[in-house]
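By convention in this document, chain letters (A, B, ...) are assigned in the order of the sequence lines, proteins followed by strands, and residues within each chain are numbered from 1.
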Amino acid sequence: MSLDKLGSSLRSALRKIIGAPLVDEVLVKEVVKDIQRALITSDVNVKLVMDLSKKIEKRALEEKLPAGLSKREHVIKIVYDELVKFVGEKPSELRISKDGFKIMMIGIEGSGKTTSIAKLARFFQRKGYKPVLICADVHRLGAYEQLQQLAAQLNVPFHGNLNSTDAVKIVEESLSKIEKKNLVIIDTAGRHKSETELMDEMKKLAEVAQLNEKLLTIDATIGQQAGVQAKAFHEAIGITGVVLTKLDGAAKGGGALSAVATTGVPIKFIGVGEKIDEFELFDPQSFISRLLGMGDLKALLEKAEELPKEIKEVDVTKFLAGKFTLQDLYSQFEAMQKMGPLKKILQMVPGFGLSAELPEDFYKLSEEKLKKFRVILDSMTDKELESPEIINRSRMQRIARGSGTKMEDIKELLKQYQIAKRLFKSLRKGRFPALDKALRQMGLKKFK
Amino acid sequence: MFNSLKEKLAQFTKKIAEVADKKSEAEVAAVKPTLVEKTKALFKGEIILDEKDLTPVFDDLETSLLESDVALPVIEEIVKSIKMQLVGKKIKRNENLPTYVQGVLKNAIQQVLISAKPEEILNRIKKRDPARPFVIMFVGINGTGKTVTIAKFAKFLQDHGIKSVMAASDTFRAGAIEQLEKHGKNLGIRVIKHEPGADPAAVAFDAIEHAKARKLDVVLIDTAGRMQTDVNLMEEMKKIHRVTKPDLVIFVGDSLTGHDMIMQSKEFNDATEIDGVILTKMDSDARGGSALSISYVIKKPILFLGIGQKYEDLIAFNQKWMANRLLGEANVAG
Ligand SMILES: Nc1nc2c(ncn2[C@@H]2O[C@H](COP(=O)(O)OP(=O)(O)OP(=O)(O)O)[C@@H](O)[C@H]2O)c(=O)[nH]1
Ligand SMILES: Nc1nc2c(ncn2[C@@H]2O[C@H](COP(=O)(O)OP(=O)(O)OP(=O)(O)O)[C@@H](O)[C@H]2O)c(=O)[nH]1
Ligand SMILES: [Mg+2]
Ligand SMILES: [Mg+2]
């Protein structure tokens, strides 16, 4: 019996059913659509999502499926790769010099600048630096008192002038009083790109302060405006990093992705609460998991890492062959030995939910049992191998004797064969009793 | 690897997917015009709309709404219901389909967006039980603009001859009490405060007592910003609500907000029923699609928009203007 022949008869059978040859485009498109949805509802810029989807779809269709990953997992891995390109592989640290360092915090109204300054001061205080805070917000009422109280909590020096409305002058004067080697952090008023006077004020502040870092706070709840606003700040003074605040809520912070995509600067810290200690270094991996709405990304990435680079290609055409013989069953068993449990294999292909139909035992054929099956098959005549239905009780006794196995072993082998045959028959006829379920399991509807 | 099997199974999957698609289209097919009907209509200079014609038009509109920050589930719901109405409908052949559909969508949006005239609030205040001040509580997540909005609102009341007192019930955030006090000083409005960390409900209660004693019309309660996911803080807010029994709960939302607005408005509405909404920072170029999300989710009117940091930067909400803005049309007040 030749594999080629089987293959071609199958192909023609399929052609009859479907009419057109195609790859697993449908699946890829569906998964990409899900990811699109996740990113859009996480507030990533719509155009960015569209561009990304095209790239992802192309890669997912063209790239070889890595061994051990399901198609869905592969697409997610590609998405991760593409997203990591924006935010960087590793957390980007804020390196500051002990010989003096100046940071200015800027951002839209209410995004969390003042609070983040206190958090930043605490962060570096812990590392042995001596932060000094300057209030250059002369617009918001109570801004001075807010930062002053936070400075008192931290027990760090605070500069500002309640009676002045000239932010630039306040910064100049404060800096002249502060020793050069300190870590200075400057708070500014909230502003957005349309407030031209305030944008000009910010430019002047940046000029006089001679800053090392200009950090933009981005509120995790912001939507589609994130990118354009960040761009305006960047064009005005050249930001060097992003602080993503309010990630303790339900918002995913996709706006920050749009911001880093348009400015090319890294996200450095995240705010995860109102309190001074609720502040963390940015971690690309957990951020992307959150964007995609998946907690299991870490496990998936590890799995992708660990996978053996190459597993020998196995022809599994017979799975769907017009004729399914005992010989075929054996070659499937052998293939399984090479590739790992059948369940895994089925999980890697569309329709894998079908595996739910198979009893658990089917997947767990031990080495030993396989050997036994081999000798049993060796003791069968060609006729028996081709048409197992002719194996009656007396034939069974003969085979058992010839192979040195028990009747039960032969019955078991025949049972496995029946199960497999039934499954493949239904596959062949295009009957998918569990298809809905399978689709769901494949994550085509929703994934967690 | 597994290419052969993969392909084969994919083909099966595709076929099934196609069948499944047809099934979901069946609902629409019920009103799907037949060829005969279509031809008849053509003679009368009309076209009968079917799904196929509508889909590309809606795709564009959906993108436009997404870019305006309307939440995706909200867009889908609205679009679905309009699509159902449109399939099978006859329109004049010389009608431009995108323009026609956009018009229908704009109408639908205007119906979802509810507004309440500022005069209605003033009337309610005037018609209240004279023995008790009219109590308004402002709630929302962190940094949306509650405190500044309260100051603007107090100014609005003042301009209409209504006297108010403000309660500094944000006793948590650094500088919050001072912030409100300074606004009070600017406006000549009394601010009732306790120490930082005090019970916010007690502050609000005192403000009500103060208003009763001084025969003031309105008590404006400034609450701390809180994440809708923070159970304890949401409970604290409920307590303020129980103690003060406000006549009006106003949710202050940031117009720059994206998809979180669905959950924000829902959770706040579940905790202390929201009576009206004020959206801030509309001067920031935000299209403010969250207005539509909120209206859709909680079905409560939008009262005002904040359009700047000054006291006078509070304007009445207008559905028509908003609907145009959401669809990315000329940004002119109508
Ligand atoms: N839950 C939560 N709240 C935060 C976080 N960061 C800041 N906030 C809160 O957000 C609100 C605004 O924070 P501020 O630090 O005053 O914001 P700002 O950007 O300085 O505001 P302006 O100076 O008015 O522009 C406050 O209620 C903060 O407590 C965070 O990471 N999580
Ligand atoms: N441009 C602009 N800024 C606004 C508007 N409304 C409020 N702001 C600014 O937003 C920032 C936050 O306003 P607040 O009133 O302190 O916000 P909040 O909701 O009380 O903040 P928390 O109490 O910390 O939760 C301030 O800088 C305000 O000046 C508006 O309509 N336009
Ligand atoms: Mg501030
Ligand atoms: Mg406040």
Between [X] and chain B, which part of the residue has a heavy atom less than 4.5 Å away: side chain, backbone, both or neither?
{"X": "Asp248(A)", "result": "both"}
{"X": "Leu147(A)", "result": "neither"}
{"X": "Lys193(A)", "result": "side chain"}
{"X": "Gln146(A)", "result": "both"}
{"X": "Leu198(A)", "result": "side chain"}

Decide yes or no for [X] and [Y]: does some side-chain heavy atom of the first lie under 4.5 Å from some side-chain heavy atom of the second?
{"X": "Arg287(B)", "Y": "Gln225(A)", "value": "no"}
{"X": "Gln149(A)", "Y": "Glu178(B)", "value": "yes"}
{"X": "Thr221(A)", "Y": "Met261(B)", "value": "no"}
{"X": "Glu109(A)", "Y": "Asp254(B)", "value": "no"}
{"X": "Gln179(B)", "Y": "Arg140(A)", "value": "yes"}

As an exercise: rank [options] by heavy-atom pairs under 4.5 Å with chain B and give me the winner.
{"options": "Gln224(A), Met50(A), Lys47(A)", "answer": "Gln224(A)"}
{"options": "Gly273(A), Gly112(A), Gly142(A)", "answer": "Gly142(A)"}
{"options": "Gly255(A), Gly190(A), Ala143(A), Ala251(A)", "answer": "Ala251(A)"}

With chain A as the partner, which of [options] has the greatest number of non-hydrogen pairs under 4.5 Å?
{"options": "Ile141(B), Asn142(B), Thr63(B)", "value": "Asn142(B)"}
{"options": "Glu181(B), Lys281(B), Arg226(B)", "value": "Lys281(B)"}
{"options": "Gly308(B), Ala174(B), Ala176(B), Gly289(B)", "value": "Ala174(B)"}

What heavy-atom pair brings Ala250(A) and Met263(B) nearest, and what distance separates the two atoms?
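Taking every non-hydrogen atom into account, CB-SD, 3.4 Å.
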
Please report the shortest heavy-atom distance between Glu195(A) and Asp283(B), naming the atom on each side.
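Scanning both residues, the minimum pair turns out to be OE2-OD2, 3.8 Å.
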
With a 4.5 angstrom heavy-atom cut-off, could you sort out which part of Ile75(B) is near chain A: side chain, backbone, both or neither?
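Contact with chain A involves no heavy atom of Ile75(B) at all.
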
Let me know if Gln228(B) has heavy atoms under 4.5 Å from chain A in its side chain, its backbone, both or neither.
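Just its side chain gets close to chain A.
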
Say you draw a straight line from [atom1] of [X] to [atom2] of [Y]; how long is it, rounded to the nearest 0.5 Å?
{"X": "Asn186(B)", "Y": "Leu141(A)", "atom1": "CG", "atom2": "CG", "answer": "5.5 Å"}
{"X": "Ile222(A)", "Y": "Ser255(B)", "atom1": "CD1", "atom2": "OG", "answer": "9.0 Å"}
{"X": "Asp285(B)", "Y": "Gln229(A)", "atom1": "CG", "atom2": "CD", "answer": "7.0 Å"}
{"X": "Thr41(A)", "Y": "Leu72(B)", "atom1": "OG1", "atom2": "CG", "answer": "7.0 Å"}
{"X": "Ile307(B)", "Y": "Ser194(A)", "atom1": "CD1", "atom2": "OG", "answer": "12.0 Å"}

For Lys119(A), is the NZ atom crowded, meaning more than 12 foreign heavy atoms sit under 6.0 Å from it?
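Result for NZ/Lys119(A): enclosed.
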
Surrounding NZ of Lys182(B) (heavy atoms of other residues, nucleotides or ligands, distance under 6.0 Å), is the total greater than 12?
yes

Candidate pair Ile40(A) and Leu66(B), rule side chain to side chain contact (heavy atoms under 4.5 Å, CB included), full reasoning:
CA-CA 8 Å; Ile40(A) 280 177; Leu66(B) 274 178; 3.6 Å; yes

Is it true that Glu76(B) and Arg37(A) have a side-chain N and a carboxylate O under 4.0 angstrom from each other?
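Arg37(A) and Glu76(B): salt-bridged.
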
List in chain and number order the residues that pass ring pair (Phe, Tyr, Trp, His ring centres under 6.0 Å) with Tyr296(B), two or more places apart in sequence or in another chain; answer none if no residue qualifies.
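Ring pair (Phe, Tyr, Trp, His ring centres under 6.0 Å) check on Tyr296(B) returns nothing, list empty.
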
Tell me, with the steps shown, if Met227(B) and Glu274(A) meet side chain to side chain contact (heavy atoms under 4.5 Å, CB included).
CA-CA 10 Å; Met227(B) 288 291 158; Glu274(A) 293 189 74; over 6 Å; no

